[in-house]
Amino acid sequence: MEREYFEHVVEIARIKLSEEEKERFFKQIQEIFSLLERVKEIDFPEEYEEPVENPLRKDVPEPFEKDPTIVFPKKRGRYLEVPRNL
Amino acid sequence: MRELVKELKSGELLPSEHLEEVIEKIEEREPRLNAFISLDVEGARERAKELDKLVRSGRASGLLFGLVLAVKDNIAVEGMRLTCASRMLENYVSPFSATAVERLVREGAIVIGKTNMDEFACGSSGETSYFGPTRNPWDEERVPGGSSSGSAVAVAAGMSDLSLGSDTGGSIRNPASFTGVFGFKPTYNLVSRYGLVDLAMSLDVIGPFSPDADGIALSMEVMAGPDGRDAGVQRSLSFLETFDAFDPEGVRVGWGEGFLEGVEEPVRRHFERFLNVLDSIGAELVELRVPPMEKVWPLYYLIMYPEFASAMQRYNGLTYGLRGEGSNLYEVIADARGKGFGREVKRRIILGTYLSMERYEKSFHERGVKLRRGLRAEVKKLFEEVDFLTSPTVPFLPFRLGERLDDPVKMYAADALTVLANLTGIPAINVPFGREGRLPVGMQLMGRWFEDDRLVAMARFLEGRG
């Protein structure tokens, strides 16, 4: 992988990295790729998919009885307080 | 394990007396071992008192009555933190319980706490946790294995009777092997994944740890089976009935050189002893041409990285989790993820993002998926000749803390023999088998799809034979 392309992938992955981390990961990722290359040496003549049925349920709503607002500790009256997005 | 439940129900040993014994162990060993992220000692005491009352009034019931349970911190327990050992979710509290937990609690189990693990289950040593590494109870300078490190250590050190872990590439069996306990990875789609934070959805399963095979059968009896909240789970099995009736005489067990390449000497020697013990209990050993795992195991990483990167997209710090800073949306998200995730998680997200890009889709991920179907066909053919397959669980003994932490390729080699079960979906169990010095050694048995009950029953005959 070229360095420039690596920077592009990091941007798409939405992770802010320090220069030190970039150096480290860039090097390690090359090593991991040579590991992944090993699978080029294997092949299997046949393929098999474990049969799975697709179960469907009736379209009836089921109430969620727990309190999801536990995730949002700050409350104002009837409202949940969340941080501003920007 | 069922003997202990009997004592607890009869009042011979009250649930709160038993719990206090466990708490004493925790007080003694936890400061060094770091197996727990959250403990709920007071909550557990209250629950034990309620169970005491049931004993006194002769109403004690439930298959796991009074047993102390520890739960990996990527499995939801209502009202407790669910951190996945990550700074990203350091203060996240779960509003509901996983189906597996709910079922065990309904049968009388007492949740004592949430266990330490590799961050988002990414690791094979228990060292990548934001809350610090877990130590091996048999040698505190060595790793306990991972990623379900704390769950294995809790059982191995007597800090819980049973525990739950998750297994995507070996995360139950690996630490079970390194700490000398039973650890079971069920068939994919036998236990509901509702309430499990996913690593790679096509591979993840929830499974139990126990000091004995009986505890595995007992907890699986309760956890396995259909759950409307995970539509994939449609089948059920009678673990206890099979456990009590099983006879290993004439059972065919397959093994092959393909499982042994890369296995280090002390482990290889113990494996040979294991084959002898299998022979001595009446099993018929069959040498087979098995997939060459040294070449096959990287396939696991090829499949897992893209699924993991996709699963991790939800952590952006906007609605919950660590909050980022910045002047635009991109910066706020990238900052939260940069600060919130540890090294191994970042590495895996970057690799997964890369492998799922259109430019590489054909050469990597698509080929990986095709090879996985091929591997399933190979394994299906093997199971036409034998009932079980066997190999060591991990190719080497527990290593020193820090030794492999920043060498991912070396770290990943720990999964070489466990990923086969995840890639194909079959059940697999770690059987503790002897020691090398102080260090435990573990052997793996794998079974056919949905013959989990027979596999656990077989493991019982190998208990204490190391």
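Every chain is numbered from 1, with letters handed out A, B, ... down the list of sequences. These numbers were taken from a predicted model, which means no experiment stands behind them. Computation of the quantities below employed the complete heavy-atom set of this structure, encompassing side-chain atoms and omitting hydrogens, waters and symmetry-equivalent molecules.
- There is no contact between A:Asn54 and chain B, counting heavy-atom distances below 4.5 Å.
- A cation-pi geometry, defined here as NZ or CZ lying under 6.0 Å from the six-membered ring centre and within 45° of its normal, does not hold between B:Lys346 and B:Phe341.
- Chain A forms more heavy-atom pairs under 4.5 Å with one residue of B:Thr353, B:Asn316, B:Asp407 than with any other, namely B:Thr353.
- Comparing B:Asn91, B:Leu375, B:Val296 by how many heavy-atom pairs each has under 4.5 Å with chain A, the most go to B:Leu375.
- Interface remark: B:Lys295 contributes backbone and side-chain atoms alike to the contact with chain A (heavy atom separation under 4.5 Å).
- The pair B:Arg229-B:Glu102 meets the salt-bridge criterion, with a side-chain N (NZ, NE, NH1 or NH2) lying under 4.0 Å from an Asp/Glu carboxylate O.
- Chain A forms more heavy-atom pairs under 4.5 Å with one residue of B:Leu351, B:Leu302, B:Val379 than with any other, namely B:Leu351.
- Scanning for side chain to side chain contact (heavy atoms under 4.5 Å, CB included) contacts around B:Leu382 gives B:Leu288, B:Val290, B:Pro291, B:Leu389, with sequence neighbours left out.
- Heavy atoms closer than 4.5 Å to chain A are found nowhere in B:Tyr188, neither backbone nor side chain.
- When the shell of 6.0 Å around CD of B:Glu325 is examined, it contains 12 or fewer heavy atoms from other residues, nucleotides or ligands.
- Looking at B:Tyr300, there are no atoms closer than 4.5 Å to chain A (heavy atoms on both sides), in backbone or side chain.
- Heavy atoms closer than 4.5 Å to chain B are found in the side chain of A:Gln28, but not in its backbone.
- Only the backbone of B:Ser94 has a heavy atom closer than 4.5 Å to any heavy atom of chain A.
- Of the possible polar contacts, none joining the B:Glu451 side chain to the B:Gly447 backbone as a donor-acceptor pair under 3.5 Å is found.
- Proximity to chain B is limited to the side chain of A:Leu17, based on heavy atoms less than 4.5 angstrom apart.
- Heavy atoms of A:Glu62 lying under 4.5 Å from chain B are absent altogether.
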Give the C-alpha distance, both sets of side-chain angles, the deciding distance and a yes or no for salt bridge (Lys or Arg N to Asp or Glu O under 4.0 Å) between B:Arg343 and B:Asp406.
CA-CA 9 Å; B:Arg343 271 186 204 157; B:Asp406 210 30; 3.7 Å; yes
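- For the pair B:Arg348 and B:Tyr305, the cation does not sit on the ring face, since its NZ or CZ is not both under 6.0 Å from the ring centre and inside 45° of the axis.
- Less than 6.0 angstrom separates the ring centroid of B:Tyr194 from the ring centroid of B:Phe96.
- For the pair A:Arg3 and A:Phe26, the cation-pi test (distance below 6.0 Å, angle within 45°) is passed.
- Within the 4.5 angstrom heavy-atom criterion, only side-chain atoms of B:Lys381, from C-beta onward, approach chain A.
- The greatest number of non-hydrogen atom pairs below 4.5 Å with chain A, out of B:Ala377, B:Ala309, B:Ala231, is found for B:Ala377.
- Proximity to chain A involves both the backbone and the side chain of B:Glu294, based on heavy atoms less than 4.5 angstrom apart.
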